[in-house]
K.L.:
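Handing you a structure now.
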Amino acid sequence: MNNYTIDTRCVQGGYTPGNGEPRQIPIIQSTTFKYATSEEMGKLFDLEESGYFYTRLQNPTNDMVAAKICELEGGTAAMLTSSGQAANFFAIFNIASCGDHVIACSTIYGGTYNLFHVTMKKMGIDFTFVDPDCTEEELNAAFRPETKAVFGETIANPALTVLDIEKFAKAAHAHGVPLIVDNTFATPVNCRPFEWGCDIVTHSTTKYMDGHGAGVGGCIVDSGKFDWLAHADKFSGLTTPDDSYHGVTYAEKFGLGGAFITKCTAQLMRDFGSIQSPQNAFILNLGLESLHVRMPRHCENGLAVATFLKSHPKIRFVTYPSLKGDPYYELAQKYMPNGTCGVVSFGFNGGRTAAEAFMKHLKLAAIETHVADARTCCLHPASATHRQMNDKELEAAGISSDLVRMSCGLENSADLIADISQALQKI
Ligand SMILES: *Cc1c(COP(=O)(O)O)cnc(C)c1O
């Protein structure tokens, strides 16, 4: 499928039925798979042959959908996970363990920040958080001998900062470690981080990929470009024998293209079991079939709403990376010339009270913690996701108390603007 455009890969990637086979991806709703002899099954357990034996590790439906996302990103191997959280946890934990260190952008999604800063810290992995706009010198200074990866988001949720992927990839590679990019908000339709030097991509497929608020899920894709063997001492989990699989050395047996995902499946999925259900993978694939049609509309609506708000007298600020004058406009043009996403953040001259009143008067945009849905939704972080913080703490987190995050859906932009306009009139 790789010689087709991304549009065609969205529709037909990952699965090509043979004669008389189902046209739609079949849902293999089975925990287990039958074999004629124990010897055949033994070979699967030793990773001598590839095949399915238990859905906690791998399932054919999931693999077809992962193969499609792999084609969309231009990678060599991919796996689905039960959530975006699981994808980011696995992507890091596959190469970092107790005593190791990881560099991450300070503006990353709150759930990921918590995973890194609280939970993975308890596992003995230390994180340094750097400003996405830091200089190359500042970035290089964050590395330690035990650093194993660099992590950032193409477009940060909800800060909407744009990652300078080339800058981060250059620093990571100069220190012999991979760059991992969470590409959830941009999706491969708008940005393919591998083309800019990123090594591993993660997704919360819950967002635009599913796109209908129907199923929680995640995905990890490997570019196959990072040379684990050239840095064998740093990544011994990939470059030395794994006793739990009869001494297989992943980087040798599965090559640079397959080592990362095979190890992640064989060890982490086996032990943590955060697999996506085949039903959810099927629903995710329905979303992927129209991703290339939906993303431009999300971006068109986002830009229309941002442009309208920008000139409204009651609005204090608008953050939208595709809007001229936004601090990230140039980076967004470089990495995402066709558009960024449908999420717009803005604040009110009337402060927190105005923000809260505005939300109450909206009719089309529903109040939800979700983003990237076909239906427009919005959130006032200060009274919802970040309500434990006082105004001072909110400012420090880059979220003012009057900030509203709106995720523009697929409705007609004139209707969205009319709804926003009437709500603004009432405050
Ligand atoms: C939502 C989100 C996540 C977490 O994904 P879940 O599917 O909710 O677990 C991770 N990264 C980003 C950028 C997100 O927006």
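Numbering of ligands and ligand atoms starts at 1, following listing order. If you're wondering where the values come from, they're calculated on a predicted model, not measured in any experiment.
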K.L.:
Of T239, T262, D242, which meets side-chain hydrogen bond (donor to acceptor under 3.5 Å, both in side chains) against Y250?
P.N.:
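In the set T239, T262, D242, the residue that makes a side-chain hydrogen bond (donor to acceptor under 3.5 Å, both in side chains) with Y250 is D242.
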K.L.:
Does G217 have a non-hydrogen atom less than 4.0 Å from ligand 1?
P.N.:
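In this structure, G217 qualifies as a contact of ligand 1 - some heavy atom is under 4.0 Å.
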K.L.:
Between H173 and D199, does any side-chain donor sit less than 3.5 Å from a side-chain acceptor?
P.N.:
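Their side chains do contain a donor-acceptor pair, which is all the 3.5 Å distance test asks for.
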K.L.:
Testing the 3.5 Å rule here: is there a donor-acceptor pair between the side chains of T161 and T107?
P.N.:
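Per modelled atom types, T161 and T107 side chains form a pair under 3.5 Å.
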K.L.:
Give the residue, atom name and distance (to 0.1 Å) of the protein heavy atom nearest atom 6 (P) of ligand 1.
P.N.:
G84 N, 3.4 Å
K.L.:
Has ligand 1 got any nitrogen or oxygen that is less than 3.5 angstrom from a nitrogen or oxygen of Q85?
P.N.:
yes
K.L.:
In terms of side-chain heavy atoms, does H101 have a donor or acceptor partner in T147 at a distance below 3.5 Å?
P.N.:
yes
K.L.:
Distance-only, no hydrogens or angles: does the K148 side chain make a donor-acceptor pair with backbone N or O of K234 under 3.5 Å?
P.N.:
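At least one qualifying donor-acceptor pair exists.
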K.L.:
Describe, in one word, how the ring planes of F127 and F129 are oriented to each other, choosing from parallel (under 30°), tilted (30 to 60°) and perpendicular (over 60°).
P.N.:
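F127 and F129: parallel rings.
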K.L.:
Tell me the protein heavy atom at minimum distance from atom 7 (O) of ligand 1, and give that distance in Å.
P.N.:
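Of every protein heavy atom, T206 OG1, 2.6 Å lies nearest to atom 7 (O) of ligand 1.
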K.L.:
May I ask which of D182, T369, V216, T184 has a heavy atom nearer to atom 11 (N) of ligand 1 than the others do?
P.N.:
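Comparing heavy atoms across D182, T369, V216, T184, the nearest one to atom 11 (N) of ligand 1 lies in D182.
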K.L.:
Under 4.0 Å from a heavy atom of N157: which atoms of ligand 1 are those, numbered in the order shown and with their elements?
P.N.:
14 (C), 15 (O)
K.L.:
Should the ring pair H175 and F143 be called parallel, tilted or perpendicular, given that the plane angle runs from 0 to 90° and is split at 30 and 60?
P.N.:
parallel
K.L.:
Check whether any N or O atom of E153, backbone or side chain, sits under 3.5 Å from an N or O atom of ligand 1, and answer yes or no.
P.N.:
no
K.L.:
For atom 2 (C) of ligand 1, what's the nearest protein heavy-atom neighbour? Residue, atom name and distance, please.
P.N.:
K207 NZ, 2.5 Å
K.L.:
Name the closest protein heavy atom to atom 8 (O) of ligand 1, giving the residue it belongs to and the distance to 0.1 Å.
P.N.:
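Result: S204 OG, 4.1 Å.
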K.L.:
Provide the number and element of each atom of ligand 1 under 4.0 Å from a heavy atom of F185.
P.N.:
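Close to F185: 15 (O).
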